[in-house]
Participant: 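Starting off with a structure, shown below.
All of these numbers come straight from a predicted model, not from anything done at the bench.
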Amino acid sequence: MEVTDPVDPHADSAGRFRLLSYNIQCGIRTSTFRHYVTGGWKHLLPHGDRLRTLAAIADQIRGYDFVAVQEADSGSLRTGFLGQTEYLARRAGYPWWTERTNRNLGVIAQHAIGALSQATPTAATPLALPGRVPGRGALMLRYGQDPSALVVVALHLALGRNTRRRQLDFVADLIGDMRHAVVMGDFNAPHGAPEMRRFFERTHLVEPVERVNTWPAWKPLRNFDHILVTPALEVESLSVLETSQTDHLPVALEIRLPTECTRAVA
């Protein structure tokens with residue numbers, strides 16, 4: 001399948017809900033594999049270009065209804081103790097945001113995932129994902145009340161396949177038979193991976209466009225970033241942003257909400 005027309009976050013929003021998933025790599029610019037080595041110190045120490053990168057990311061995410069960010073930092077030495085999710089929310093004009101610190105390394109690093117929203121959710125639940133080594137998590141946001149609620153799960157999965165399978169099983173148990181559900185983020189796994197196929201079998205979720213490569217941003221070879229939806233959510237368009245400030249290309253999805261969901265996100 002081909003990527004559909006690009007999502008326009010500034011178009012008329014009546015009945016539409018625009019989502020974006022972005023691995024922001026703690027505000028580190030990466031444009032070649034060599035930078036993983038030469039710029040490795042930026043994961044531990046502050047540097048002057050980080051804030052400029054975050055400002056550029058804020059410009060990219062402005063105007064969407066919901067944004068999930070992975071590899072954020074909730075405020076540590078390497079970011080000058082700046083909470084990156086909060087910074088993006090304020091600079092991009094999102095009135096509501098939340099985050100979960102997945103791996104707390106004290107003043108050195110605060111690995112986190114975040115969610116930014118134009119509407120205030122009815123409930124927001126931070127979740128620890130299973131794994132032998134702690135440090136992966138998810139955010140579960142609910143808009144409205146059952147059975148008409150829209151549920152969005154933002155996550156960042158582990159590098160190991162067996163751990164990813166356990167984590168996706170955990171999410172599948174949460175989603176159950178929900179009619180209006182979105183699961184999005186950095187899965188660290190391609191569409192056809194065994195753990196992904198198992199996840200599709202255990203839920204009603206589908207991927208609107210399969211095998212859209214997002215990593216590495218400068219020459220995409222793998223589709224690690226996904227936005228999955230249940231069939232009751234009508235997909236208008238899906239696109240991968242052509243430019244990125246980090247090593248992942250952001251993924252954007254526009255859906256048309258059923259009337260009962262529209263009221264919850266107005």
Side-chain angles (χ1 to χ4, degrees), residues 17 19-24 26 65-75 83-86 88-89 94 96-105 109-117 119-147 149-189 193 195-196 198-205 207 224-230 233 248 251 253 264-265:
F17 195 66
L19 306 103
L20 182 76
S21 178
Y22 203 151
N23 184 319
I24 67 170
C26 300
D65 297 297
F66 183 94
V67 178
V69 295
Q70 306 88 46
E71 292 194 27
D73 190 288
S74 53
Q84 294 183 328
T85 304
E86 180 178 6
L88 292 174
Y94 286 88
W96 187 94
W97 65 275
T98 190
E99 66 181 357
R100 181 186 189 276
T101 301
N102 292 332
R103 187 174 294 122
N104 186 341
L105 300 180
Q110 298 278 324
H111 300 282
I113 57 173
L116 299 75
S117 179
T120 301
T122 309
T125 307
L127 301 164
L129 295 177
R132 286 185 298 177
V133 179
R136 299 289 181 174
L139 295 166
M140 185 172 183
L141 295 304
R142 183 183 299 271
Y143 297 87
Q145 304 294 335
D146 292 335
L150 171 67
V151 174
V152 182
V153 177
L155 50 72
H156 189 188
L157 299 184
L159 296 176
R161 173 171 292 173
N162 289 336
T163 303
R164 286 197 302 269
R165 179 183 56 78
R166 290 179 57 198
Q167 292 170 347
L168 287 171
D169 284 348
F170 175 84
V171 175
D173 290 339
L174 288 177
I175 295 297
D177 293 325
M178 291 178 182
R179 280 179 47 78
H180 310 129
V182 178
V183 179
M184 61 191 297
D186 181 354
F187 286 65
N188 273 314
E195 64 273 25
M196 294 290 287
R198 174 183 170 91
F199 186 57
F200 293 133
E201 291 169 357
R202 295 198 60 206
T203 66
H204 299 302
L205 292 161
E207 186 156 25
F224 288 161
D225 304 270
H226 308 274
I227 304 181
L228 314 177
V229 298
T230 50
L233 300 173
H248 285 244
V251 179
L253 180 72
V265 299

Participant: Closest approach of E71 and Q84, non-hydrogen atoms and distance?
Facilitator: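 Scanning both residues completely, I find the closest heavy atoms to be O-OE1, 4.2 Å.
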
Participant: Specify the closest pair of heavy atoms between S21 and G185, including all atoms of both residues, with the distance to one decimal.
Facilitator: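 Distance-wise, the nearest heavy atoms are OG-CA, 3.3 Å.
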
Participant: Could you go through the side-chain contact (heavy atoms from CB on, under 4.5 Å) check for V69 and E99 one step at a time?
Facilitator: CA-CA 9 Å; V69 295; E99 66 181 357; over 6 Å; no

Participant: For A115 and L141, which heavy atoms make the closest approach, and how far apart are they?
Facilitator: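 A115 and L141 have their closest heavy atoms at CB-CD2, 4.2 Å.
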
Participant: Mark yes or no for whether R164, through its side chain, and A189, through its backbone, hold a donor-acceptor pair below 3.5 Å.
Facilitator: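 The answer is no, because no donor-acceptor pair under 3.5 Å joins these two groups.
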
Participant: What I'd like to find out is whether the side chain of D65 reaches to under 4.5 Å of the side chain of V265, using heavy atoms alone.
Facilitator: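 Answer no - side chains too far apart.
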
Participant: So, for V171 and L155, which heavy atoms are closest and what is the spacing to 0.1 Å?
Facilitator: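 The answer is CG2-CD2, 4.0 Å.
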
Participant: Verify the neighbour count for atom CG of D146: are there more than 12 heavy atoms of other residues, nucleotides or ligands below 6.0 Å?
Facilitator: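 Atom CG in D146 is crowded, with more than 12 foreign heavy atoms closer than 6.0 Å.
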
Participant: Can you confirm whether R202 is buried at CZ, in the sense that more than 12 heavy atoms of other residues, nucleotides or ligands lie under 6.0 Å from that atom?
Facilitator: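 Counting neighbours around CZ of R202, more than 12 heavy atoms of other residues, nucleotides or ligands fall under 6.0 Å, so yes.
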
Participant: Do L88 and W97 have side chains that get closer than 4.5 Å, going by heavy atoms?
Facilitator: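 Not in contact.
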
Participant: When you measure from the side chain of S117 to the backbone N and O of W96, does any donor-acceptor pair fall under 3.5 Å?
Facilitator: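 No; judged by distance alone, with no hydrogens or angles, the pair does not exist.
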
Participant: Given side-chain contact (heavy atoms from CB on, under 4.5 Å), test L150 with L233 step by step and report yes or no.
Facilitator: CA-CA 9 Å; L150 171 67; L233 300 173; 4.0 Å; yes

Participant: Let me know which of Q167, H156, H111 forms a side-chain hydrogen bond (donor to acceptor under 3.5 Å, both in side chains) with R136.
Facilitator: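 Checked Q167, H156, H111 against R136; only one passes side-chain hydrogen bond (donor to acceptor under 3.5 Å, both in side chains): H156.
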
Participant: Under 30°, 30 to 60°, or over 60°: which ring-plane class applies to Y143 and F66, parallel, tilted or perpendicular?
Facilitator: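 Y143 and F66: perpendicular rings.
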
Participant: Nearest 0.5 Å, what's the CD1-CG distance between I113 and D186?
Facilitator: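 It comes to 10.5 Å.
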
Participant: Taking L168's backbone N and O only, do any of them form a donor-acceptor pair with E195's side chain (distance below 3.5 Å, no angle check)?
Facilitator: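 Looks like no, no N/O pair under 3.5 Å.
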
Participant: Could you check whether any side-chain N or O of T203 sits under 3.5 Å from a backbone N or O of A172, counting only pairs where one atom can act as donor and the other as acceptor?
Facilitator: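 Side chain of T203 to backbone of A172, a donor-acceptor pair under 3.5 Å: no, none is there.
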
Participant: Rounded to the nearest 0.5 Å, what separates atom CG in L157 from atom CZ in F224?
Facilitator: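 One gets 11.5 Å once the value is rounded to the nearest 0.5 Å.
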
Participant: Taking all atoms of both residues into account, what is the closest heavy-atom pair of L174 and M178, and its distance?
Facilitator: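 L174 and M178 have their closest heavy atoms at O-CE, 3.4 Å.
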
Participant: Which pair of heavy atoms, one from G137 and one from R100, lies closest together, and at what distance?
Facilitator: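 Between these two residues, the closest heavy atoms are CA-NH1, 4.0 Å.
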
Participant: If only atom types and distance count, is the side chain of Q70 paired as donor or acceptor with the main-chain N or O of N23 below 3.5 Å?
Facilitator: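 At least one qualifying donor-acceptor pair exists.
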
Participant: Nearest 0.5 Å, what's the OG1-CD1 distance between T85 and I24?
Facilitator: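 Between T85 OG1 and I24 CD1, I get 6.0 Å after rounding to 0.5 Å.
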
Participant: About how many Å separate NE2 of H226 and CZ of F199, when rounded to the nearest 0.5 Å?
Facilitator: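 Reported value, rounded in 0.5 Å steps: 11.0 Å.
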
Participant: Under a 4.5 Å cut-off applied to non-hydrogen side-chain atoms, are I175 and V153 in contact?
Facilitator: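 Answer yes - side chains close enough.
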
